[in-house]
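So you know, we letter chains A, B, ... as the sequences are listed, proteins then strands, and number each from 1. All values derive from a computational prediction rather than experimental measurement.
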2 protein chains.
Amino acid sequence: MDSAERLIESTRQLLWSRGYVGTSPKAIQQLSGAGQGSMYHHFSGKKELALVAIERSAAALCERAESQFTAPGTAVERIAKFLRLERDALKGCPIGRLTQDPDVIADAELRAPVEQTFSWLRRRIAEVLAEGVQRGEFGPPANARRLDPASTASALVATMQGGYVLARAANAPEPFTEAVEGILGLLVALVADS
Amino acid sequence: MDSAERLIESTRQLLWSRGYVGTSPKAIQQLSGAGQGSMYHHFSGKKELALVAIERSAAALCERAESQFTAPGTAVERIAKFLRLERDALKGCPIGRLTQDPDVIADAELRAPVEQTFSWLRRRIAEVLAEGVQRGEFGPPANARRLDPASTASALVATMQGGYVLARAANAPEPFTEAVEGILGLLVALVADS
DNA sequence: GTCTATATAAGGATAGAC
DNA sequence: GTCTATCCTTATATAGAC
């Protein structure tokens, strides 16, 4: 792995654990083993490096999610698989945590990949749910009309993101799992009624 | 309002908008109009000031929530009122945002009020839900058993916290509302089935 | 491409005068 | 109680040698 690559990966780790405001060029250099000159040779500065790192993390998240959505199974099963993917709840979401970074949100370029990740995720889950409704997984049309794919998708994504908040507040992973199982329980109840 | 008070209130605002890492003593002093000497006379430093500010914000959040939980109405109605309380979704949650602050989470004293706020909130909402189950709002026992108060409460709190994440990512308040309405929709569907 | 030197500002606080 | 002076460290680069 060359210097540029190590710098990007180090930035990804640090953005994840400390956020943009809390990550200094010096910390990136030390973690990557690259010197000052190397960093400023490959990148214009902290912002450009962060942008590349964020875009990479966003792409990784979307790919991981998509591989669950395209797997076989019912709509609820595929969504449940995604929500239950192996995660370190205490580390939080590498993309979601950036929304609390004032300098990221204030900068259109840095915010763009964050915005795209969540708008894609919400839309994609809504599609999977709509597909399930179509297939009759939520019962006959009269019953299925109670499930709104768009808002339910937003609630599912929000529960995950908020699950990280609860886990970090508690300094324990359980609240994340509990929140996820809580909303899946509500969703499954709908299926059971159909 | 005396200096100490203005320093606390300024710290509350800055912690809310910029977080702990992103808030400097100088910024606090400028916003409050107090000088350096004044700040270090009343408080030992940034950390103590932040602790007082966080505890105050936590207390305010709990009071605001409790006033909804004790209002008249069904369990779902009271919870819905809380979730729909007037909020500036783009500002985020003054307590929840602190979970993304590495220096807050790493410090037991600073994390304590954050942890307490969420554990109280989850427990309190679970109590309201359990009360609803008791009263038969979710139908006869055979039906109501599908609703687990504890995990549903965690999902509700998580959806709110994640709603802030989605709103900030989108730079628009709508995703917050959508997520909240999404999970309330699932909850109401359970009531409708009873 | 990478290293070292240098530079300006900000972070976070202490000391002592008033 | 508040102000000003001072201090050391870190943040974030730029410049130029190798």
Could you go through residues 68-77 of chain A and list every donor-acceptor pair under 3.5 Å that involves a side-chain atom there, pairing it with any protein atom two or more places apart or in another chain?
{"residue": "A/Thr70", "atom": "OG1", "partner": "A/Glu66", "partner atom": "O", "Å": "3.1"}
{"residue": "A/Thr74", "atom": "OG1", "partner": "A/Glu77", "partner atom": "N", "Å": "3.1"}
{"residue": "A/Glu77", "atom": "OE1", "partner": "A/Thr74", "partner atom": "N", "Å": "2.9"}

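The salt bridge (charged side-chain N to carboxylate O under 4.0 Å, His left out) analysis of residues 25-51 of chain A, with sequence neighbours excluded, yields the pairs A/Lys47-A/Asp107, A/Lys47-A/Glu109. Counting only residues at least two apart or in different chains, salt bridge (charged side-chain N to carboxylate O under 4.0 Å, His left out) contacts with residues 166-180 of chain A comprise A/Glu178-B/Arg122. Pairs passing the ring-ring contact (aromatic ring centres under 6.0 Å, His included) check and including a residue from residues 146-172 of chain A, sequence neighbours excluded, read A/Tyr164-A/Phe176. The list of ring-ring contact (aromatic ring centres under 6.0 Å, His included) pairs with a residue in residues 24-62 of chain A, not counting sequence neighbours, is empty.
Residues that satisfy the side-chain hydrogen bond (donor to acceptor under 3.5 Å, both in side chains) test with A/Lys81, not counting sequence neighbours, are absent from this structure. Here A/Arg56 pairs with A/Glu5, A/Glu9 under the side-chain hydrogen bond (donor to acceptor under 3.5 Å, both in side chains) rule; sequence neighbours left out. Remark: B/Gln29 pairs with B/Gln36 by the side-chain hydrogen bond (donor to acceptor under 3.5 Å, both in side chains) rule, at least two apart or across chains.
A heavy-atom distance below 4.0 Å to DNA chain C is reached by none of the residues of residues 98-110 of chain A. Residues from residues 14-27 of chain B with heavy atoms under 4.0 angstrom of DNA chain C, sorted by number: B/Thr23, B/Ser24, B/Pro25. Less than 4.0 Å separates DNA chain C from at least one heavy atom of each of the following residues of residues 31-46 of chain A: A/Gly35, A/Gln36, A/Gly37, A/Ser38, A/His41, A/His42.
Between B/Ile79 and the choices B/Thr152, B/Val128, B/Ile183, the side chain to side chain contact (heavy atoms under 4.5 Å, CB included) rule is met once, by B/Val128. The side chain to side chain contact (heavy atoms under 4.5 Å, CB included) test with A/Leu98 singles out one residue from A/Ile105, A/Asp103, A/Leu110, A/Ile54, and that residue is A/Ile54. For the pairing with B/Arg78, the salt bridge (Lys or Arg N to Asp or Glu O under 4.0 Å) check across B/Glu127, B/Glu131, B/Glu137 returns one residue only, B/Glu131.
Taking CG of B/Leu121 as the start and OG of B/Ser154 as the end, the distance is 9.5 Å to the nearest 0.5 Å.
The outermost nucleotides of DNA chain D lying under 4.0 Å from heavy atoms of chain B, listed 5' to 3', are D/dG1 to D/dA5.
When the C1' atom of C/dA10 is taken as reference, atom CD of B/Gln29 falls 12 Å away, rounded to whole Å. Per the geometry, CG belonging to B/Leu49 stands 12 Å off P belonging to C/dG12, to the nearest Å.
Residues A/Ala65 and A/Phe82 come closest through the heavy atom pair CB-CE1, 3.5 Å.
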